[in-house]
Chemist: 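A single structure is presented below for examination.
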Amino acid sequence: MVYDLMRVQVIAHQVQSENEYIITKSPQDYIEHVKDILELYGQFGLEMQEILADDQKVYVRWGQTGQTSKNETIIQSASAVYLIE
């Protein structure tokens with residue numbers, strides 16, 4: 001399904017913990033990213049907190065929650081702006 005929804009290359013302008021950076025990923029990179037998270041933290045929660053669209057730009061803010069092997073809760077909030085063509 002990922003390949004049906006995403007281009008061969010996705011460029012995301014992300015902000016995480018006040019650090020802005022740009023990443024380029026393929027659909028396969030996103031699949032591997034989710035596999036890595038599952039391997040490190042097991043099942044995790046993902047909540048889309050905000051989605052805004054303006055012409056070809058889409059802003060998404062999300063939160064992820066999971067558990068460490070010591071049963072400590074991990075919370076990550078992040079956002080990205082995507083260009084839809």
Chemist: Can you name the residues that form a salt bridge (charged side-chain N to carboxylate O under 4.0 Å, His left out) with K70, not counting sequence neighbours?
Modeler: none
Chemist: What's the separation between atom OG in S79 and atom CD1 in I51, rounded to the nearest 0.5 Å?
Modeler: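 One finds 12.5 Å between OG of S79 and CD1 of I51.
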Chemist: Test Q64 against I75 for side-chain contact (heavy atoms from CB on, under 4.5 Å), laying out the working first.
Modeler: CA-CA 6 Å; Q64 291 175 217; I75 300 171; over 6 Å; no
Chemist: Are Y82 and M48 linked, directly or through other ILVMFWY residues, by side chains that come within less than 4.5 angstrom of each other?
Modeler: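 Hydrophobic grouping puts Y82 with M48.
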Chemist: Could you note down all residue pairs passing side chain to side chain donor-acceptor pair (under 3.5 Å) where residues 50-60 supplies at least one of them, sequence neighbours left out?
Modeler: E50-R61
Chemist: Quick one: does any side-chain atom of D29 pair with a main-chain N or O of S26 as donor and acceptor, under 3.5 Å?
Modeler: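 Here the side-chain-to-backbone pair exists.
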Chemist: Kindly compute the distance separating CD (Q28) from NE2 (H33), expressed to the nearest 0.5 Å.
Modeler: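 If we round to the nearest 0.5 Å, Q28:CD and H33:NE2 are 13.5 Å apart.
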Chemist: Nearest 0.5 Å, please: how far is CD1 in I37 from CD1 in I74?
Modeler: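 It is 10.0 Å, given to the nearest 0.5 Å.
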Chemist: Run through the side-chain heavy atoms of Ile, Leu, Val, Met, Phe, Trp and Tyr, join any pair under 4.5 Å, and report what else lands in L83's cluster.
Modeler: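 Members other than L83 - counting any ILVMFWY side chain reachable under 4.5 Å - there are none.
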Chemist: Are the side chains of V81 and V58 in touch, meaning some heavy atoms are under 4.5 Å apart?
Modeler: no
Chemist: Give, for atom CG of L38 and atom CZ of F44, the distance between the pair rounded to the nearest 0.5 Å.
Modeler: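 L38 atom CG to F44 atom CZ measures 5.5 Å (nearest 0.5 Å).
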Chemist: Could you walk me through whether Q67 and E72 pass the side-chain contact (heavy atoms from CB on, under 4.5 Å) test, one step at a time?
Modeler: CA-CA 5 Å; Q67 301 289 321; E72 299 170 325; 5.7 Å; no
Chemist: Mark yes when over 12 heavy atoms from residues, nucleotides or ligands other than Q49 sit less than 6.0 Å from its CD; otherwise mark no.
Modeler: yes
